[in-house]
A.B. asks: 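Once you've had a glance at the structure underneath, I'll fire off some questions.
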Amino acid sequence: MFSTSSQSKHWLFSGETELAKCRTEANATYISKHRGTMTDNEVTSHFLTPVEERILSRQYEVVLRKFCAEFQPPMPKCVIGTSLVFFKRFYVNNSNMNYHPKDIMLTCVYLACKVEEFYVPIGQFVKNLRGDREKFADAILSFELTLMGKLNYHLTIHNPFRPLEGFLIDIKTRCKEIENPERMRKATEEFLERSLQSDACLIFSPSQIALAAVRFGASKEGISLDRYIKEVLLKVASDKEAENMLYQLRRVKFIVKGIENVPREQAQAIQKKLENCRNQANNPDSDVYKKRMLEKLDEEEDIRVKKRSKVSEES
């Protein structure tokens, strides 16, 4: 049940203002740790601003959706939705400068495949990528535990796709006066797809997003669902509760309709700036990262040797 889920308890925010505050704090925390003796002017020119980080994250959300759309074997919608939720959650409390969105994006998709029981072996997964596939595989596997930890191991995601189907079935069953409700589906699904570009999943429940999508699809066909919402869905609710629900649906529509495309050139300029201020300890191409990984492997080997020695002594 969504109401008792970690998503409901820990990953729903009051609105875009609260999300912006969290992201700004993550940005400030990173800069404070890495600025050294830089002046404020030097900080501004060297590090990404919260706005630049948000633009870059949104650009990688577009890349994530394209990667999933072209993935082979074809990927279920729930995997795409879960991938995006993981990605959005991660960058609520973490900076793009600390963890490059390219690495986290791929790791989110790989983890979502497992969580949604669409498991794809890492070798087959990276076949969908161009370039050094072995390097991609190493990066994904090395960031997987980090991703899960930063998500507080809250990995069960409730997407709006299932409640959407539930609402359409319910309308066909209990609103006989609406002829051919399926004609609402195209605009409804387009709204739902567009909602994936927004922060709606961090602010509203999946059923609210789905209902807002159905309501939008109905309006495109000249159908009002207000009676269905008030007299069927909210039959035992008070007038205040019913009005609050309609208000939340309007909020969903406002946020989703307000999404604008990110200019590609702007995102590319920000990404170029990121290369100079990213944390090299989390950059798989850096010497610092490679040294850290070697040290980690040495530590793991030492642990294995000690365990083998202990077993030999006991036997």
A.B. asks: Is Arg54 salt-bridged to Glu16, going by a charged N under 4.0 Å from an acidic O?
C.D. replies: no
A.B. asks: Count the heavy atoms of every other residue, nucleotide or ligand shown that sit under 6.0 Å from CD of Glu179, and state whether that count exceeds 12.
C.D. replies: no
A.B. asks: Could you check Arg227 against Glu177 for salt bridge (charged side-chain N to carboxylate O under 4.0 Å, His left out), going step by step and ending with a plain yes or no?
C.D. replies: CA-CA 11 Å; Arg227 190 193 70 78; Glu177 69 275 14; 2.5 Å; yes
A.B. asks: Verify whether the ring centers belonging to Phe71 and Phe67 lie closer than 6.0 Å.
C.D. replies: yes
A.B. asks: More than 12 non-hydrogen atoms from neighbouring residues, nucleotides or ligands closer than 6.0 Å to CD on Glu182, yes or no?
C.D. replies: yes
A.B. asks: Is there a donor-acceptor pair under 3.5 Å between the side chain of Gln124 and the backbone N or O of Val120?
C.D. replies: no
A.B. asks: Would you call the rings of Phe13 and Trp11 parallel, tilted or perpendicular, taking 30° and 60° as the class edges?
C.D. replies: perpendicular
A.B. asks: Would you say Pro101 and Leu274 make side-chain contact, with heavy atoms under 4.5 Å?
C.D. replies: yes
A.B. asks: Could you tell me whether Lys21 atom NZ has more than 12 heavy atoms of other residues or ligands within 6.0 Å of it?
C.D. replies: no
A.B. asks: Treating Asn94 as the side-chain partner and Phe90 as the backbone partner, does any N or O pair qualify as donor plus acceptor under 3.5 Å?
C.D. replies: yes
A.B. asks: Keeping Thr173 on the side-chain end and Ile169 on the backbone end, is there a donor-acceptor pair under 3.5 Å?
C.D. replies: yes
A.B. asks: Keeping Lys127 on the side-chain end and Arg133 on the backbone end, is there a donor-acceptor pair under 3.5 Å?
C.D. replies: no
A.B. asks: Assigning hydrophobic clusters by single linkage (Ile, Leu, Val, Met, Phe, Trp, Tyr; side-chain heavy-atom cutoff under 4.5 Å), is Ile259 placed with Val62?
C.D. replies: no
A.B. asks: Atom CD1 of Ile80 and atom CG of Leu196: how far apart are they, to the nearest 0.5 Å?
C.D. replies: 8.0 Å
A.B. asks: Sub-3.5 Å donor-acceptor pair from the side chain of Arg215 to the main-chain atoms of Leu225, do we have one?
C.D. replies: no
A.B. asks: Verify side chain to side chain contact (heavy atoms under 4.5 Å, CB included) between Val214 and Met184, making sure each step is shown before the conclusion.
C.D. replies: CA-CA 7 Å; Val214 174; Met184 303 185 300; 4.3 Å; yes
A.B. asks: Say whether Ile140 and Leu145 are linked into one hydrophobic cluster, either directly or through other cluster members, by side-chain heavy-atom distances under 4.5 angstrom.
C.D. replies: yes
A.B. asks: Testing the basics here: between Arg194 and Lys257, what is the closest heavy-atom pair and its distance to 0.1 Å?
C.D. replies: NH2-O, 3.7 Å
A.B. asks: State whether the side chain of Ser8 and the backbone N or O of Thr4 hold a donor-acceptor pair below 3.5 Å, judged by distance alone.
C.D. replies: no
A.B. asks: Treating Asn93 as the side-chain partner and Cys22 as the backbone partner, does any N or O pair qualify as donor plus acceptor under 3.5 Å?
C.D. replies: no
A.B. asks: Answer yes or no: is there an ion pair linking Lys230 with Glu243, defined by an N-O contact shorter than 4.0 Å?
C.D. replies: no
A.B. asks: Looking only at the side chains, is there a donor atom on one of Gln248 and Arg251 sitting less than 3.5 Å from an acceptor on the other?
C.D. replies: yes
A.B. asks: Run the ring-ring contact (aromatic ring centres under 6.0 Å, His included) check on Tyr99 and Tyr91 step by step: do they pass?
C.D. replies: CA-CA 9 Å; Tyr99 299 95; Tyr91 285 110; 8.0 Å; no
A.B. asks: Could you go through the salt bridge (charged side-chain N to carboxylate O under 4.0 Å, His left out) check for Lys273 and Glu52 one step at a time?
C.D. replies: CA-CA 10 Å; Lys273 184 179 178 182; Glu52 289 174 328; 3.1 Å; yes
A.B. asks: To the nearest 0.5 Å, what is the distance between CG on Leu249 and CD on Gln208?
C.D. replies: 7.0 Å
A.B. asks: Below 4.5 Å, heavy atoms only, C-beta onward: do Gln7 and Arg89 meet side chain to side chain?
C.D. replies: yes
A.B. asks: Glu53 side chain to Asn96 main-chain N or O, any donor-acceptor pair under 3.5 Å?
C.D. replies: yes
A.B. asks: Rounded to the nearest 0.5 Å, how far apart are NZ of Lys135 and CG of Asp285?
C.D. replies: 4.0 Å
A.B. asks: Does one side chain, of Asn244 or Glu241, offer a donor that lies under 3.5 Å from an acceptor on the other?
C.D. replies: no
A.B. asks: Take Arg35 and Asp40, measure what salt bridge (charged side-chain N to carboxylate O under 4.0 Å, His left out) needs, and give me the verdict at the end.
C.D. replies: CA-CA 9 Å; Arg35 67 179 293 169; Asp40 289 343; 2.9 Å; yes
A.B. asks: Is there a side-chain contact between Phe143 and Leu147 in this structure, where contact means two heavy atoms from C-beta onward sitting under 4.5 Å apart?
C.D. replies: no
A.B. asks: In terms of heavy-atom contacts, does CZ of Arg162 have more than 12 from other residues, nucleotides or ligands at under 6.0 Å?
C.D. replies: no
A.B. asks: Quick check: does any side chain N or O of Arg65 sit under 3.5 Å from a backbone N or O of Gln197, one acting as donor and the other as acceptor?
C.D. replies: no
A.B. asks: Going hydrophobic residue to hydrophobic residue with side-chain gaps under 4.5 angstrom, can you get from Met97 over to Val288?
C.D. replies: no
A.B. asks: Under 4.5 Å between any side-chain heavy atoms of Phe86 and Ile104, yes or no?
C.D. replies: no
A.B. asks: Apply the test salt bridge (charged side-chain N to carboxylate O under 4.0 Å, His left out) to residues Lys186 and Glu190: give CA-CA distance (whole Å), side-chain angles for both, the deciding distance (0.1 Å), then the verdict.
C.D. replies: CA-CA 6 Å; Lys186 184 175 184 295; Glu190 287 175 354; 2.7 Å; yes
A.B. asks: Are the side chain of Asn128 and the backbone N or O of Gln72 linked by a donor-acceptor pair below 3.5 Å?
C.D. replies: yes
A.B. asks: Starting at NZ of Lys102, measure out to CG of Leu56 and round the result to the nearest 0.5 Å.
C.D. replies: 11.5 Å
A.B. asks: Before giving the answer on side chain to side chain contact (heavy atoms under 4.5 Å, CB included), spell out for Lys150 and Thr146 the whole-Å C-alpha distance, their side-chain angles and the decisive distance to 0.1 Å.
C.D. replies: CA-CA 6 Å; Lys150 295 295 184 180; Thr146 298; 4.2 Å; yes
A.B. asks: Name all residues meeting the side-chain hydrogen bond (donor to acceptor under 3.5 Å, both in side chains) criterion together with Glu116; count only those two or more places apart in sequence or in a different chain, and write none if there are none.
C.D. replies: Thr82
A.B. asks: If you round to the nearest 0.5 Å, how far is CG of Asn180 from CD of Glu221?
C.D. replies: 9.0 Å
A.B. asks: How long is the straight-line distance from CD1 of Ile157 back to OG of Ser6, given to the nearest 0.5 Å?
C.D. replies: 6.5 Å
A.B. asks: List the atom of Leu12, the atom of Phe2, and the distance in Å for their closest heavy-atom pair.
C.D. replies: CD1-CZ, 3.7 Å
A.B. asks: Restricting to pairs with a member in residues 186-240, which pass ring pair (Phe, Tyr, Trp, His ring centres under 6.0 Å), not counting sequence neighbours?
C.D. replies: Phe191-Phe216
A.B. asks: Would you indicate whether the side-chain heavy atoms of Phe167 and Leu233 approach each other to under 4.5 Å?
C.D. replies: yes
